[in-house]
Amino acid sequence: MSKELLGALDTLETEKGIKKEVVIDALEAALVSAYKRNYGQAQNVEVDFDQVKGNIHVYAVKEVVEEVFDSRLEVSLQDALNINKAYEVGDEIRFEVTPKNFGRIAAQTAKQVIMQRVREAERGIIYDEYSQYENEIVTGEVERQDNRFVYVSLGKVEAVMGHSDQLPGETYRIHDKIKVYVSKVENATKGPQVFVSRTAPDLLKRLFEQEVPEIFDGIVEIVSIAREAGDRAKVAVRSNNPNVDPVGTCVGPKGQRVQTIVNELHGENMDIVEWTDDTAVFIANALNPAEVLDVIFDPENERGCTVVVPDYQLSLAIGKRGQNARLAAKLTGFKIDIKSETEASDIMEANPDNVAAAETATDAPVEDEELPTDDASVDSAADGDAESPATSDDDADDSAAATSDAE
């Protein structure tokens with residue numbers, strides 16, 4: 001048995017990466033339990049496993065005392081001195097008590113415990129490996145799907161993707177290769193559990209880092225992302241090098257870089273806008289592709305503003321079902337109220353005092369600001385939005401009313 005056991009330990013370490021010491025510790029603990037259970041012993045015992053020869057020895061540990069009350073745990077000082085003159089009260093002496101048939105009994109009893117410790121060690125190795133990929137993007141293979149999850153194989157572990165993490169309208173077939181974002185890794189009782197997502201905004205960030213070397217190197221920085229997964233996203237970028245155009249860099253020659261990301265996300269439209277310290281200009285950029293005439297900040301709400309657009313571009317600024325305004329609000333962190341030029345003029349005439357206070361809080365008009373054109377946007381639905389009726393929800397309720405007036 002000793003040679004076979006040593007061979008098994010070497011195999012475990014070579015093939016599964018489980019250190020021999022981990023298994024030996026589990027084996028010794030199991031043998032102590034087996035000895036006490038099979039031989040009705042309750043005293044302190046230790047088990048030594050010889051890693052060279054594979055031999056197993058069981059020792060009873062007894063303390064040297066003046067007067068013995070429990071012979072299973074104690075040995076008299078006189079008996080200890082007969083063994084070795086150096087022993088003193090309080091010392092511990094190990095007496096070998098290995099039974100003749102202990103090897104067979106120990107092997108039978110300890111097998112289950114050893115296998116459990118081996119499984120725990122394997123789970124620990126897998127958890128350590130995949131916890132490094134948390135908040136990163138990996139490529140997996142679709143294995144199966146049920147009512148709750150899509151199961152994605154990442155190699156040694158099977159990750160799960162819930163309904164909220166799946167792209168709307170995306171179909172997952174067995175053996176499909178997909179890129180997923182590792183959102184969380186848990187060391188559960190049944191083993192490591194990996195959760196992945198296709199809808200997380202950070203998935204978009206990691207895809208840009210893969211496709212745009214300047215972002216990976218830190219020359220261009222992604223400041224914020226607003227995303228409605230599967231439909232449309234806005235990405236605000238800035239350059240740390242004055243000679244590098246952040247929007248053009250992300251779009252790439254003939255839109256190749258951003259188009260690769262759009263294809264990976266099955267046609268999710270992408271607006272790339274430039275971030276700037278001038279908040280008014282940034283808000284105007286965020287409403288791309290609509291033209292912005294003015295941005296008026298609310299003196300009573302530091303995170304609120306009114307954006308004035310030409311009458312004919314009100315529908316485009318709001319977007320289909322208010323999407324453009326909603327994403328711009330998420331991207332900038334401002335509550336944006338969109339007004340047509342006509343409606344804004346009527347309000348100014350009716351409330352000149354309020355308008356004067358609001359203009360005092362405005363950073364700078366953006367009438368002459370040259371906004372990004374179609375080169376900075378890969379939104380194929382932009383023209384359609386301009387022709388569609390303007391409707392809005394969330395932060396664009398007032399704008400919806402303005403749309404009906406304009407019509």
*Heavy-atom side-chain proximity of V307 to L287 below 4.5 angstrom*: yes
*How about V138 and V180: do any of their side-chain heavy atoms sit closer than 4.5 Å?*
yes
*Gap between atom NZ of K205 and atom CD1 of I225 - 0.5 Å precision*: 7.0 Å
_Heavy-atom side-chain contact between F334 and E302 under 4.5 Å_ = no
_If only side-chain N and O atoms count, and only distance matters, is there a donor-acceptor pair under 3.5 Å linking S340 with T342?_
no
*Exceeds 12 heavy-atom contacts within 6.0 angstrom, atom OH of Y172*: yes
*How many angstroms lie between CG in L331 and CG in N288, if you round to the nearest 0.5 Å?*
11.0 Å
*Could you go through the side-chain contact (heavy atoms from CB on, under 4.5 Å) check for V142 and H175 one step at a time?*
CA-CA 5 Å; V142 177; H175 303 309; over 6 Å; no
*Give, for atom CG of N241 and atom CD of E221, the distance between the pair rounded to the nearest 0.5 Å.*
13.5 Å
*Do NZ/NE/NH1/NH2 and the carboxylate oxygens of D277 and R238 come within less than 4.0 Å?*
no
*Hey, is D294 close enough to K339 for a salt bridge, meaning N to O under 4.0 Å?*
no
*Are D337 and K335 ion-paired here, with the side-chain N under 4.0 Å from a carboxylate O?*
no
_I'd like to know if the side chain of R326 reaches the main chain of R321, judged simply by a donor and an acceptor atom lying under 3.5 Å from each other, with no hydrogens or angles considered._
yes
_Within the 4.5 Å heavy-atom criterion, are V247 and E274 side-chain neighbours or not?_
yes
_Tell me if the NZ atom of K330 is crowded by more than 12 foreign heavy atoms within 6.0 Å._
yes
*Only counting residues at least two apart or in another chain, list the ones meeting salt bridge (charged side-chain N to carboxylate O under 4.0 Å, His left out) with E214.*
R257
*After noting the C-alpha distance and the side-chain angles of I93 and V64, does the key distance pass the side-chain contact (heavy atoms from CB on, under 4.5 Å) rule?*
CA-CA 7 Å; I93 304 176; V64 178; 3.7 Å; yes
*Roughly how far, to the nearest 0.5 Å, is SG of C305 from CD1 of I338?*
9.0 Å
_Looking at every non-hydrogen atom in both residues, tell me the closest pair between K156 and Y130 and how far apart they are._
N-OH, 3.1 Å
*Taking the side chain from H266 and the backbone from G169, do they hold a donor-acceptor pair closer than 3.5 Å?*
no
*Should I222 and V235 be marked as a side-chain contact (heavy atoms from CB on, under 4.5 Å) after you check the CA-CA gap, both sets of side-chain angles, and the distance that decides it?*
CA-CA 7 Å; I222 295 178; V235 182; 3.9 Å; yes
*Do the side-chain N and O atoms of Q132 and D128 include a donor-acceptor pair separated by under 3.5 angstrom?*
no
*Would you give the length of the straight line joining atom CG of N187 to atom OH of Y127, rounded to the nearest 0.5 angstrom?*
6.0 Å
*Minimum side-chain heavy-atom gap T249-S239 below 4.5 Å*: no
_Which heavy atom of N324 sits nearest to which heavy atom of P289, and what is that distance?_
OD1-CD, 4.4 Å
*Take E268 and R227 through the side-chain contact (heavy atoms from CB on, under 4.5 Å) test and state the conclusion after the steps.*
CA-CA 10 Å; E268 183 174 318; R227 184 183 182 203; 2.9 Å; yes
*Does the side chain of Q193 come within less than 4.5 Å of V185's, by heavy atoms?*
no
*Any side-chain heavy atom of Q313 sitting closer than 4.5 Å to one from E341?*
no
*What closest approach, in Å, do A229 and L167 show between heavy atoms, and which atom pair accounts for it?*
CB-CD2, 3.8 Å
*May I ask you to decide whether E74 forms a salt bridge with K62, counting only side-chain N to carboxylate O separations under 4.0 Å?*
no
_Any side-chain to backbone donor/acceptor pair from S183 onto N135? Under 3.5 Å, distance only._
no
*Mind running side-chain hydrogen bond (donor to acceptor under 3.5 Å, both in side chains) on Y151 and D146 for me, showing each step along the way?*
CA-CA 8 Å; Y151 297 88; D146 59 22; 2.8 Å; yes
*State whether the side chain of D176 and the backbone N or O of R173 hold a donor-acceptor pair below 3.5 Å, judged by distance alone.*
yes
_Shortest non-hydrogen contact between I296 and V308, atoms and distance_ = CD1-CG2, 4.4 Å
*asked:* Check E186 with K184, please: is the shortest side-chain N to carboxylate O separation under 4.0 Å?
replied: yes
*Any side-chain heavy-atom pair from Y59 and D48 closer than 4.5 angstrom?*
yes
*asked:* For F216 together with F208, are the ring centres under 6.0 Å from each other?
replied: no
_Test side-chain hydrogen bond (donor to acceptor under 3.5 Å, both in side chains) on Q210 and K179; report intermediate values, then the result._
CA-CA 12 Å; Q210 286 187 349; K179 290 184 178 180; 3.1 Å; yes
_Check: F282 main-chain N/O paired with T276 side-chain donor or acceptor under 3.5 Å_ = no
*Given V212, N240, V223, V220, the one that forms side chain to side chain contact (heavy atoms under 4.5 Å, CB included) with P246*: V220
*Output the distance between atom CD1 (I24) and atom CG (L31), rounded to the nearest 0.5 Å.*
11.0 Å
_Would the distance check show the side chain of N84 and the main-chain N or O of Y87 forming a donor-acceptor pair, the cut-off being under 3.5 Å?_
no
*Look at atom CD of E300 and say whether more than 12 heavy atoms of other residues, nucleotides or ligands are closer to it than 6.0 Å.*
no
*Are R232 and E228 within salt-bridge range, i.e. N to O under 4.0 Å?*
no
_Which atom of A286 lies closest to which atom of A328, heavy atoms considered_ = O-CB, 3.7 Å
_Polar side-chain atom of D165 near backbone of M161 as donor-acceptor pair, under 3.5 Å_ = no
*Verify, without hydrogens or angle tests, whether E291 (side chain) and V309 (backbone) share a donor-acceptor contact under 3.5 angstrom.*
no
_If you compare all heavy atoms of L265 against all heavy atoms of L203, which two are closest, and at what distance to 0.1 Å?_
CD2-CD2, 4.1 Å
_SB check E264 R198 (cutoff 4.0 Å)_ = yes
